[in-house]
Amino acid sequence: MHSAVLLIEFGSIILGLGLLGRFAGRFRLSPIPLYLLAGLAFGEGGLLPLGASEEFVAAGAEIGVILLLLMLGLEYTAGDLVTNLKSHYPAGLVDCALNALPGALAALLLGWGPVAAVVLAGVTWISSSGVIAKVLGDLGRVGNRETPVILSVLVLEDLAMAVYLPIVTALVAGAGLMTGSITLAIALGAAGLVLFVAVRYGRVISRFVSSDDPEKLLLVVLGLTILVAGVAQQLQVSAAVGAFLVGIALSGEVAEGAHTLLSPLRDLFAAVFFVFFGLHTDPASIPPVLLPALALAVVTAGTKIATGYWAARRSGISVKGRWRAGGALVARGEFSIVIAGLAVTAGIEPSLGPLATAYVLILVVVGPLTARYTESVATRISRRRGDRNRRRPDAPEDAPQATANAEASVGD
């Protein structure tokens, strides 16, 4: 009987996702916000809570995040990764400063104390690699010039989590200096080892994985990715980082074949991930913290756009590409929830969990919209300012503005 209910619930979820995806496609929108709202409607405290398929959906959600990051990694080589990290690390520092500080300040203003401040700083700092990967694919921007800049910021954030998460874990658990230092050393060593193997022995791994049989190639790539992701997570490193580095390690025909075979699986499990996020959010916990969450979302959406714009400008990307990069980075998601969950489990601050949930829900819905429309909105505002300047008879010629408008009109 349980298996029948499981099949009915999971089948209904998949069918519903397909219909929502078709609806979003008709209006040329990303389906992610609809997936999240569907999960919210049928999750804890929703209209019709689902129970039998919860564990299955949870496992599918983890696979969805892993596949999203694997597919991103397949787009770039190990050399691309090293070059991007070397050239874009200042953007990572700016990203941390602009987006972690608002969360820390908000926690201190609410009187939550220094440990909660460190936790909320991480919630507002880290963008959602899963959401952004899906949005870039939906909008057809994976090959854009600004996309390596976006990915560099995301990779720097994910690698920084290898340092940040052990620190937060030690803080919320009240661990001593020695215990926290050992945990941090293990995490850093594991992340460094995976990165070293991906860069140094990528060709060997590609030859090992390579197969002319699509079935064997699919099984080996998928199995290797999930295995590395699991080991990375066991060593206190993000499973997403492990999956991304596996994709980086694969190159040539192997990467192309794996990309083709795994694309349908990625789309399926990524959709399950976004539904799972909504399923585990109680709508009743959101209204009391909605206003502070909304204020924090507005501030940090602006700081993320500024981060992407600055990073893309530093890389010589045109004005339109700068705005696209900024808009794409707005979404928060899986990492923010994980960070908040550590504090909630330890009983650090009762209101921190609902605030983080409301904050992430706002930005995970707004994020795909900013990714799509930030460029066009910025272009319209720039044109209106230019028109007003031209209509002023006593206004001198604005050479810098003219240069910016000309640059904005250059195609990418």
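Source: prediction; values computed, not measured. The chain is numbered in sequence order, starting from 1.
Using a 4.5 Å heavy-atom cutoff, the side chains of Val65 and Ser129 are not in contact. In this structure the side chain of Leu355 reaches within 4.5 angstrom of the side chain of Pro292, judged on heavy atoms. Residues Leu67 and Leu265 meet the side-chain proximity criterion, which asks for heavy atoms closer than 4.5 Å. For the pair Ile14/Leu268, a side-chain contact is recorded, criterion being any heavy-atom separation below 4.5 Å from C-beta on. A 4.5 Å side-chain heavy-atom check between Arg266 and Leu68 finds at least one atom pair inside the cut-off. Annotation: side chain of Ile132 is in contact with side chain of Ile150 (closest heavy-atom distance under 4.5 Å). When side chains are defined from C-beta on, Glu215 does not count as touching Leu218, because their heavy atoms never get closer than 4.5 Å. Within the 4.5 Å cutoff, no side-chain heavy atoms of Leu222 are placed close to those of Leu261.
Separation of atoms CG (Leu329) and CG (Leu363) is listed at 12.0 Å; rounding is to 0.5 Å. Interatomic distance, Leu156 CG to Ile126 CD1, rounded to the nearest 0.5 Å: 10.0 Å. Between atom CG of residue Leu101 and atom OG1 of residue Thr124 there is a gap of 8.5 Å, rounded to the nearest 0.5 Å. Note that CG of Leu224 and CG of Leu219 are 12.5 Å apart. Values are rounded to the nearest 0.5 Å. With rounding to the nearest 0.5 Å, the separation of CG in Leu34 from CZ in Arg22 is 14.0 Å. Going from atom CG of Leu98 over to atom CD1 of Ile305 covers 12.0 Å, rounded to the nearest 0.5 Å.
Closest heavy-atom contact between Thr374 and Gly327: OG1-CA, 3.6 Å. In terms of heavy atoms, Val153 sits closest to Ala91 at CG2-CB, 4.3 Å. For the residue pair Val119 and Ala340, the shortest heavy atom distance occurs at CG1-CA, 4.3 Å. Nearest approach of Ala229 to Ile66, heavy atoms of both residues: CB-CD1, 3.7 Å. Minimum heavy-atom separation, Leu296 to Ala106: CD1-CB, 4.0 Å. Here the closest heavy-atom approach between residue Val254 and residue Ser210 is recorded as CG2-CB, 3.5 Å.
Listed for the Ser382 side chain is no donor-acceptor partner under 3.5 Å among the backbone atoms of Ala378. Not one N or O on the side chain of Arg141 forms a donor-acceptor pair closer than 3.5 Å with the backbone of Glu146. Side chain of Arg145 to main chain of Gly321: no donor-acceptor pair is present (N/O by atom type, distance under 3.5 Å, no hydrogens or angles). Between the side chain of Thr147 and the backbone N or O of Gly143, no donor-acceptor pair lies under 3.5 Å. Ser336 contributes a side-chain N or O that, together with a main-chain N or O of Val123, makes up a donor-acceptor pair within less than 3.5 Å.
Lys134 and Asp267 are joined by a salt bridge, as a carboxylate oxygen and a charged side-chain nitrogen come within less than 4.0 angstrom of each other.
Side chain to side chain, Lys304 and Ser127 meet the donor-acceptor criterion of an N or O pair below 3.5 Å. No hydrogens or angles considered: a donor-acceptor pair under 3.5 Å links the side chains of Thr300 and Tyr359. Between the side chains of Thr303 and Asn99, a donor-acceptor pair is found at a separation under 3.5 Å.
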Criterion side chain to side chain contact (heavy atoms under 4.5 Å, CB included) on Trp112 and Ser351, from CA distance to verdict: CA-CA 9 Å; Trp112 289 353; Ser351 299; 3.7 Å; yes
Chi angles and distances behind the side chain to side chain contact (heavy atoms under 4.5 Å, CB included) call for Val118, Tyr164: CA-CA 10 Å; Val118 173; Tyr164 174 82; 4.1 Å; yes
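Within 6.0 Å of CZ in Arg313 there are 12 or fewer heavy atoms belonging to other residues, nucleotides or ligands. For Leu93, the CG atom is densely surrounded, since the number of other residues' heavy atoms within 6.0 Å is greater than 12.
Scanning for side-chain hydrogen bond (donor to acceptor under 3.5 Å, both in side chains) contacts around Asp213 gives Lys216, with sequence neighbours left out.
Paired with Trp323 under the rule ring pair (Phe, Tyr, Trp, His ring centres under 6.0 Å), one option of Tyr373, Tyr309, Trp310 passes, and it is Tyr309.
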